[in-house]
Amino acid sequence: MSKVKIVVAGPRGNMGKEAVKMVTTTDEFELVAVVDSKHEGMKLSDLEGFHHIEVPIYTNMQRCFEENKVDVLIDLTAPAFGKNHMEIAFANGVRPVVGTTGFTEEDITELRAKAEEKGIGAIIAPNFAVGAILMMKFSQMAAKYLPDVEIIERHHDRKLDAPSGTALKTAQLISEVREQKQQGHPKETEELDGARGADFEGMRIHSVRLPGLVAHQEVIFGGVGQTLTIRHDSIDRSSFMPGVKLAVDSVLRIDTLIYGLEHIIE
């Protein structure tokens, strides 16, 4: 059985480093190249922390695909690049697994149409941690019975987008089973703008950014005489790698775009 040939974009980032490690230690995967913002023409082994990984570094993704046989792109770069990288992958018959956030509904609709036109799979995952996916699923279940809910997400202070893709995805899933309603006192006022957080169909989403955090979220439900809190914590980025592997395995078997790992976790 031939190995799945993989390119990792963003190998020097915290997530990218873990993805390189995961791919190179998985028997059925083969890392053929990486795409970085610099170090064109060097080998990954030339960089600190990647000893003995003798694969080329490209700064041009198109050229990377032209010069290598690639099955799957794992893209763990920044939100500004995710859509463009997916379009390049589609044009070259490469199946993208993307961990960047910031995609609009219009982006997803457009990219899904391109995937289906090419007849290849694609997966965008706001969160690759299996525990976080379960947290979202459990929250959707709870919202049927406790529709008053607030979301608090906490991330490291280098994260660019707020709220997180996971928080938005959680709110979207809850909205599928919860009728839109305004929470809190109808006459409440904010003495400081933003004190009540972002408003998503009446649900409030609060973002915390501090050094020392990785990725954390709690969904708090309130009812008469009770509260329910569903919380997930990623304390190390290795927690995301089983989900990345699952996405790579799954993207080879689909011919459309899937947004969110909850659709491939039963």
Item to check | Heavy-atom pair with the smallest gap, counting every atom of Asp199 and Gly202 | outcome: OD1-N, 2.8 Å

Item to check | side chain to side chain contact (heavy atoms under 4.5 Å, CB included) assessment of Met135 paired with Val219 | outcome: CA-CA 8 Å; Met135 177 255 309; Val219 187; 3.8 Å; yes

Counting only pairs under 3.5 Å, give me each side-chain donor-acceptor contact of residues 79-94, with atom names and distances, residues two or more places apart or in other chains.
residue, atom, partner, partner atom, Å
Lys83, NZ, Asp107, OD1, 3.2
Lys83, NZ, Glu110, OE1, 3.1
His85, ND1, Asp75, OD2, 2.5
Glu87, OE2, Lys114, NZ, 2.9
Asn92, OD1, Gln62, NE2, 3.3
Asn92, ND2, Gln62, OE1, 2.9
Asn92, ND2, Ile88, O, 2.8

Checklist entry - Do you know which two heavy atoms are closest between Phe128 and Leu76, and how far apart they sit? => result CE1-CD2, 4.1 Å

Next on the checklist: Is any side-chain heavy atom of Met15 closer than 4.5 Å to one of Met241?
Outcome noted: yes

Checklist entry - Got Asn68 and Val7 here, is their nearest side-chain heavy-atom distance under 4.5 Å? => result no

Checklist entry - Within a strict 4.5 Å, meaning less than it, do heavy atoms of the Arg154 and Asp233 side chains meet? => result no

Checklist entry - If you count the non-hydrogen atoms of other residues, nucleotides and ligands that lie under 6.0 Å from CD in Glu176, is the total more than 12? => result yes

Checklist outcome for this item: salt bridge (Lys or Arg N to Asp or Glu O under 4.0 Å) pairs touching residues 10-19, sequence neighbours excluded, are Arg12-Asp36

Next on the checklist: In this structure, would Val248 and Tyr259 fall into the same cluster of hydrophobic residues linked by side-chain contacts under 4.5 Å?
Outcome noted: no

Checklist entry - Any donor-acceptor pair under 3.5 Å linking the side chain of Arg204 with the backbone of Gly197? => result yes

Next on the checklist: With a 4.5 Å cut-off on side-chain heavy atoms, are Val35 and Thr59 touching?
Outcome noted: no

Checklist entry - Hey, does Leu252 have a side-chain heavy atom less than 4.5 Å from the side chain of Val72? => result yes

Checklist outcome for this item: In terms of heavy-atom contacts, Pro163 and Ser207 come closest through CA-OG, 3.3 Å

Item to check | Shortest non-hydrogen separation from Ala247 to Ile123 and the atoms involved | outcome: O-CD1, 3.4 Å

Checklist entry - Is the shortest side-chain N to carboxylate O distance from Arg253 to Asp255 below 4.0 Å? => result no

Item to check | Note, Ile151 side chain near Ile220 side chain (heavy atom, < 4.5 Å) | outcome: no

Item to check | ILVMFWY network linking Val32 to Phe29, side-chain heavy atoms under 4.5 angstrom | outcome: no

Item to check | Value rounded to 0.5 Å, distance of CG in Asp249 from OG1 in Thr26 | outcome: 8.5 Å

Checklist entry - Side-chain contact, heavy-atom cut-off 4.5 Å: Ile258 with Ile124? => result no

Next on the checklist: Does Lys181 have more than 12 heavy atoms from other residues, nucleotides or ligands lying within 6.0 Å of its NZ?
Outcome noted: yes

Next on the checklist: Nearest 0.5 angstrom please: Phe221 CZ to Phe138 CZ, how far?
Outcome noted: 12.0 Å

Checklist entry - Below 4.5 Å, heavy atoms only, C-beta onward: do Thr166 and Met136 meet side chain to side chain? => result yes

Next on the checklist: Any side-chain to backbone donor/acceptor pair from His216 onto Val214? Under 3.5 Å, distance only.
Outcome noted: yes

Checklist outcome for this item: When Lys245, Lys3, Lys5 are each screened for salt bridge (Lys or Arg N to Asp or Glu O under 4.0 Å) with Glu28, the one that passes is Lys245

Checklist entry - Can you name the closest pair of heavy atoms from Pro11 and Val20 and give their distance? => result CB-CG2, 4.0 Å

Item to check | Nearest-0.5 Å distance, CD of residue Glu150 to CE of residue Met203 | outcome: 10.5 Å

Item to check | Lys159 with Asp157: basic N within carboxylate O range, under 4.0 Å | outcome: no

Item to check | Value rounded to 0.5 Å, distance of NE2 in His52 from CG in Leu44 | outcome: 12.5 Å

Item to check | Stepwise side chain to side chain contact (heavy atoms under 4.5 Å, CB included) test for Ile6 and Val97 | outcome: CA-CA 10 Å; Ile6 296 173; Val97 169; over 6 Å; no

Next on the checklist: Strictly below 4.0 Å, N to O, side chains only: are Arg178 and Glu201 in salt-bridge contact?
Outcome noted: no

Item to check | OG on Ser175 to CD on Gln140, rounded to 0.5 Å | outcome: 8.5 Å

Checklist entry - Is the closest side-chain donor-acceptor distance between His155 and Glu153 under 3.5 Å? => result yes

Item to check | Audit row: Ile174, Val149, side chain to side chain contact (heavy atoms under 4.5 Å, CB included) steps and yes/no | outcome: CA-CA 9 Å; Ile174 289 173; Val149 54; 4.2 Å; yes

Checklist entry - Does the pair Val34 and Phe50 meet the rule for a side chain to side chain contact (heavy atoms under 4.5 Å, CB included), with working shown? => result CA-CA 12 Å; Val34 298; Phe50 296 104; over 6 Å; no

Checklist entry - Gln217 and Asn127: side-chain donor and acceptor closer than 3.5 Å? => result no

Checklist entry - Can you check salt bridge (Lys or Arg N to Asp or Glu O under 4.0 Å) on Glu30 and Lys69, steps first, answer last? => result CA-CA 11 Å; Glu30 178 186 352; Lys69 184 183 185 311; over 6 Å; no

Checklist entry - Is it the case that one hydrophobic cluster holds both Phe240 and Ile264, taking links as side-chain heavy atoms less than 4.5 Å apart, direct or via other members? => result yes

Checklist entry - Would Glu218 and Thr229 count as having a side-chain donor-acceptor pair, cut-off 3.5 Å? => result no

Item to check | For Met42 against Leu47, the heavy-atom pair lying closest together | outcome: CE-CD2, 4.0 Å

Next on the checklist: Just verifying a value: how many Å separate Ile53 CD1 and Asp46 CG, rounded to the nearest 0.5 Å?
Outcome noted: 12.0 Å

Checklist entry - Taking atom CG of Leu210 as the centre, does the number of heavy atoms from other residues, nucleotides or ligands within less than 6.0 Å exceed 12? => result yes

Item to check | Residue Glu190 excluded, over 12 heavy atoms near CD under 6.0 Å | outcome: yes

